[in-house]
Amino acid sequence: MRSSHDSQAVSRRAAATVAMLLTLAVPAFAQVEPAPPRSEGEGPYNRLVLRNVMLIDGAGSPPQGPLNIVIEGNRITSVGGGGDAQGANAREIDLTGHYVMPGFVDLHVHTGGVPKAPEAEYMYKLWLAHGITTARGVPFGGGADWALSERARSARNEITAPRMWVYERAGTSWDQGSVDTPEQARAWVRWAAAKGIDGIKLGAHDPDIMEALIDEAKQHGMGTTAHLQQTGVGRMNAIQAARLGLGTVTHFYGIFEALYKDRALQSFPVDYSYNDEQDRFGNVAMQWNMIHERGSDEWNALIDEFLEHETIMDPTMVAYLASREVMRTRNADWHTTYTLPSLWDFYAPSRDNHGSYYWDWSTWEETAWRNFYRVWMNFLNDYKNAGGRVTVSSDAGFIYNLYGFSTINEMELLQEAGFHPLEVLRGATLHGAEALFEPREERIQFGVVRAGMLADLVVVGENPIKSLKVLYGTGQIRLNNETGQAERVGGIRYTIKDGIVYDAKELLADVARMVEEQKRERGLSTLPDIIFENQ
């Protein structure tokens, strides 16, 4: 792979490094407009009956039905039997031919913020329209106070939004600086726990600080997830973090580094700079053939040890999908209608915007990433087959990766990796819920369809086992044999959160209106394409 793309690469890299270091020196919170008061959704009802549904329960069971689901207030009270919707504040919905699943859990989200998507309503409605009833912000953005306020408003159903679990980066949102010692790390965790923060988003901290953060978090019932970035992975890879008790490994960082075959560190090009994002992301994929082969003793031993520590893998493959197919990802069906022009601007190749690193992305880089994905997918599938838990998450808002749509795209990638759709949906429901509740040593409150669970459900008029594409807001294109015309089918019909029934297609229509309004303000008829000069 090329490490320099032209004669000015070194000077551009130096400028990018200075800019990035200045950004990293002072953590800044994105400006995000809180969601407006809720005006969508019907209910909750004293009694709501979903009649004649096909049930996918989230626990891995095959579809069953038709049957009835009875909801009283915000809880499921009966699954399978009769039930009527008589009495005050009651409703019955005949869902013959529809499939019902638990609400989806996305464990890796961020709200947008200035300059890409300044209104939280935009993200919330895209998430709910794609069946995401619970989202873990890592972090959401706007700072801990903003996120905790939105979490509380969502819990009271004052806003149209998923349930929100607030994870913050170690050392942020307080006024006592970064955590540079184990003592400071423990102090920050105690402060965060007292504030009501649910968990910690870790990097590849020095081992003593990592140990302190994870240990103190456990003592306070807080969850942990880690992006084990290249700047620290030499001292803290994924298995080393798992040995300390890390709950979730997000992305791929630290996994390949735990499997190196004939090296201890990655062999970076001599002019590599982590702060040059094309260097950073381009070289990630070069690890694909540096590790022990699939099925080797070392490969299997790593899986066994992750299983021993009950580590959850949260891969977010969709977050890097454009790295292996940038043109396809840039031209996805949903961008024209549902991507804000401001977000589109952020996606475009840029040396300033995080994740917009395609300023000279070639077939060399894409080929390396395709090889990388094959190995990565093999590891995830083998881990799942051995009994490990692999969840569904998106990390949307970067790299042509749109909120809501990308969570469904992640499901498709897991099926490509070898997961049956029932295994995919279990990762998006039951296993996601377990990742949130286990640190608290509490039973899950959602994630499976059972009597007593919170009424968080997804209703779709097509069979998602036959095709996960029907979960996209844009649905799936299918030929109508009667008319001879191609048409779009699917898209989630209802998302039910806390017993409140949201029309998913109306939520999408609201998003489309937000996009059209911003286009009108900018005098655009569609999203601007990349400008090609000197042609």
Side-chain angles (χ1 to χ4, degrees), residues 32-44 48 50 58 71 74 93 98-112 117 119-137 140 147 150-165 334 337-340 392-394 396-397 402-411 425 428-429 432-433 446-447 454-461 464 470-475 490-515:
V32 193
E33 188 70 25
R38 179 172 70 90
S39 59
E40 299 83 10
E42 299 179 5
L48 171 65
L50 308 180
I71 299 166
N74 71 339
I93 307 176
H98 287 67
Y99 285 75
V100 172
M101 297 162 281
F104 302 142
V105 179
D106 191 322
L107 292 177
H108 192 129
V109 307
H110 308 280
T111 46
E119 297 178 355
E121 179 185 12
Y122 174 74
M123 282 71 69
Y124 296 165
K125 288 185 174 179
L126 279 172
W127 286 331
L128 280 175
H130 286 91
I132 299 161
T133 54
T134 300
R136 181 172 74 177
F140 281 109
E150 291 289 274
R151 183 187 71 181
R153 297 175 71 212
S154 176
R156 296 190 296 265
N157 292 306
E158 295 173 356
I159 57 177
T160 300
R163 300 181 189 279
M164 299 171 67
W165 292 62
W334 42 82
T337 304
Y338 300 110
T339 299
L340 287 169
V392 172
S393 295
S394 60
L402 186 59
Y403 309 94
F405 289 94
S406 57
T407 308
I408 310 306
N409 203 348
E410 179 76 357
M411 295 184 191
L425 293 171
T429 55
F446 48 77
L454 288 168
D456 290 3
L457 301 168
V458 178
V459 181
V460 63
V470 301
L471 299 175
Y472 285 118
T474 46
I492 290 167
R493 182 174 178 185
Y494 299 119
T495 298
I496 301 175
K497 177 228 172 182
D498 244 353
I500 299 171
V501 181
Y502 293 95
D503 186 316
K505 296 184 186 298
E506 287 187 3
L507 295 178
L508 281 176
D510 288 345
V511 172
R513 284 191 286 270
M514 296 172 72
V515 172

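Positions are given from 1, in the same order as the sequence printed here.
Two residues are said to be in side-chain contact when any heavy atoms from C-beta on lie closer than 4.5 Å; M123 and L402 fail this criterion.
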Side chain to side chain contact (heavy atoms under 4.5 Å, CB included) assessment of E158 paired with R38: CA-CA 5 Å; E158 295 173 356; R38 179 172 70 90; 5.9 Å; no
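Residues meeting the ring pair (Phe, Tyr, Trp, His ring centres under 6.0 Å) test with Y338, sequence neighbours left out: F405. Applying the side chain to side chain donor-acceptor pair (under 3.5 Å) rule to Y124 yields the partners E150; only residues at least two apart in sequence or on another chain are considered. Under the side chain to side chain donor-acceptor pair (under 3.5 Å) criterion, T134 pairs with no residue at all, not counting sequence neighbours. Partners of Y99 by side chain to side chain donor-acceptor pair (under 3.5 Å), not counting sequence neighbours, listed by chain and number: N463. Residues forming a side chain to side chain contact (heavy atoms under 4.5 Å, CB included) with E42 (at least two apart in sequence, or on another chain): Y45, R91. Contacts of F446 classified as ring pair (Phe, Tyr, Trp, His ring centres under 6.0 Å), with partners at least two apart in sequence or in another chain: F437. Partners of A428 by side chain to side chain contact (heavy atoms under 4.5 Å, CB included), not counting sequence neighbours, listed by chain and number: F104, V392, M411. When the side chain to side chain donor-acceptor pair (under 3.5 Å) test is applied to T111, no partner is found at least two apart in sequence or on another chain.
When each of Y403, W165, W127 is checked for a side-chain contact (heavy atoms from CB on, under 4.5 Å) with V109, only W127 meets the rule.
The salt bridge (Lys or Arg N to Asp or Glu O under 4.0 Å) contacts involving residues 490-511 comprise K125-D510, R163-D498, D510-R513, where partners must be two or more places apart or lie in separate chains.
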